[in-house]
Amino acid sequence: SERLVQARRAAGFETAAEGALRAGVNYNTYVQHENGTRGFTASRAEQYARAYGVSASWLLYGKGDAPTRADLPPGGHPVSRMIPVLGEVRAGAWHEIPDDDWAPDELLPIHLPGYERAKLFALRIVGRSMDLAYPDGSLVVVCPATEIGIREGDHVVVRRRRGGLVETTLKEVVQEKDGIALWPRSSDPAHQTPIRLQSARDADEGPEIIAVVVASYSVRPTQSKPLIQL
């Protein structure tokens, strides 16, 4: 358990929660492995070894050299990792404001060189408000706007509040002569109206840009047509 903690810290993951996400292991299970209240198998050791760039024999038996930050690629973290999928973006859908005690819907494996230390998460696209860029059902990987900054042409996650409700949607940043507009990129006539950022936005109601898209993934639906004999 002590070597597991050492490997996680050497890999640049400061908390057990980050380590659990990186390895793709349930948080409660992972914490038990780190604090020694529950042992882990050789196959689990191999999983941790791949996640942290160490050998399974060192994790299990202490054989070989202990890991150091110098063993890692530039940037600190291994390039591949798991990130949480934290919900949906859906234009026009207002929901009750969630509390801060969130749990990921699923974990997404990613490989994004240059974003090893970024606090990335993923969101699922629902609907057609940005279907010219992201089909319904796509996953977008986003970075907090406070971390990466915002530029013209960025696709951004926008949050608006209304009373006890919140809407989360995706738009493209456009610099216009009279200010900033957030435009949908949609084939649907119902989604052709931009959100305009006024010079004095309501701090509580928004709109607020909370994240910037850095990657996307989509899955083609399975065809129902008969197979072709080649």
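The first residue of the sequence shown is numbered 1, and numbering continues consecutively from there.
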Residue pairs involving residues 124-163 (criterion ring-ring contact (aromatic ring centres under 6.0 Å, His included); sequence neighbours excluded): Y134-H155
Residues I125, V140; criterion side-chain contact (heavy atoms from CB on, under 4.5 Å); working and verdict: CA-CA 7 Å; I125 304 297; V140 290; 4.1 Å; yes
L170 side, atom CG; S216 side, atom OG - distance, nearest 0.5 Å: 10.0 Å
Closest non-hydrogen atom pair between P207 and I195, with its separation: CG-CG2, 3.7 Å
E2 atom CD, over 12 foreign heavy atoms within 6.0 Å: no
For R90, all residues meeting salt bridge (Lys or Arg N to Asp or Glu O under 4.0 Å), sequence neighbours excluded: E88
Nearest-0.5 Å distance that lies between atom SG in C143 and atom CD1 in I210: 12.0 Å
I83 side, atom CD1; E18 side, atom CD - distance, nearest 0.5 Å: 13.5 Å
Nearest heavy atoms of L59 and A49, plus distance in Å: CD1-N, 3.8 Å
side-chain hydrogen bond (donor to acceptor under 3.5 Å, both in side chains) partners for S187, two or more places apart: R128, D131
Partner residues of R3 under the side-chain hydrogen bond (donor to acceptor under 3.5 Å, both in side chains) criterion, sequence neighbours left out: none
Closest contact, heavy atoms only, A181 versus P194: CB-CB, 4.3 Å
All side-chain contact (heavy atoms from CB on, under 4.5 Å) counterparts of N28, not counting sequence neighbours: N26
Stepwise side-chain contact (heavy atoms from CB on, under 4.5 Å) check, I180 with V174: CA-CA 6 Å; I180 303 295; V174 178; over 6 Å; no
Verify same cluster id: V213, L86 (apolar side-chain graph, 4.5 Å): yes
Transitive ILVMFWY cluster of Y27, excluding itself - 4.5 Å side-chain cut-off: V31
Donor-acceptor contact present, side-chain E147 to main-chain P144, <3.5 Å: no
Atom pair NZ/CD1 of K119 and I148 - distance to nearest 0.5 Å: 14.0 Å
Those residues that, when tested against R159, pass salt bridge (Lys or Arg N to Asp or Glu O under 4.0 Å) (two or more places apart): E208
L139 side, atom CG; I110 side, atom CD1 - distance, nearest 0.5 Å: 11.5 Å
Co-membership, hydrophobic cluster, residues Y52 and Y61, 4.5 Å side-chain: yes
pair T169-S129: side-chain heavy atoms closer than 4.5 Å: yes
Residue pairs, two or more places apart or on separate chains, that pass salt bridge (Lys or Arg N to Asp or Glu O under 4.0 Å) and touch residues 164-173: R160-E167, E172-R185
Pair S186-D188, side-chain donor/acceptor within less than 3.5 Å: no
V156 backbone acceptor or donor facing D154 side chain under 3.5 Å: no
Student check: side-chain heavy atoms of V214 and V142 closer than 4.5 Å: no
D136 side chain vs G127 backbone, donor-acceptor pair below 3.5 Å: yes
T41: partners by side-chain contact (heavy atoms from CB on, under 4.5 Å), with sequence neighbours left out: S43, R44
Cluster overlap Y30 with V5, hydrophobic side-chain contacts below 4.5 Å: no
Joint cluster assignment, W58 & F13, ILVMFWY side-chain distance < 4.5 Å: yes
With H33 via ring pair (Phe, Tyr, Trp, His ring centres under 6.0 Å) - residues at least two apart: F40, Y48
Cluster overlap L197 with I150, hydrophobic side-chain contacts below 4.5 Å: yes
Validation row: L108, F121 side chains within 4.5 angstrom (heavy atoms): no
Residue pair V89, V157: steps toward the side-chain contact (heavy atoms from CB on, under 4.5 Å) verdict: CA-CA 8 Å; V89 284; V157 181; 4.1 Å; yes
Counterpart residues, side-chain hydrogen bond (donor to acceptor under 3.5 Å, both in side chains), relative to E176 (two or more places apart): W183, R196
Under the side-chain hydrogen bond (donor to acceptor under 3.5 Å, both in side chains) test, residues paired with S57 that sit two or more places apart: S55
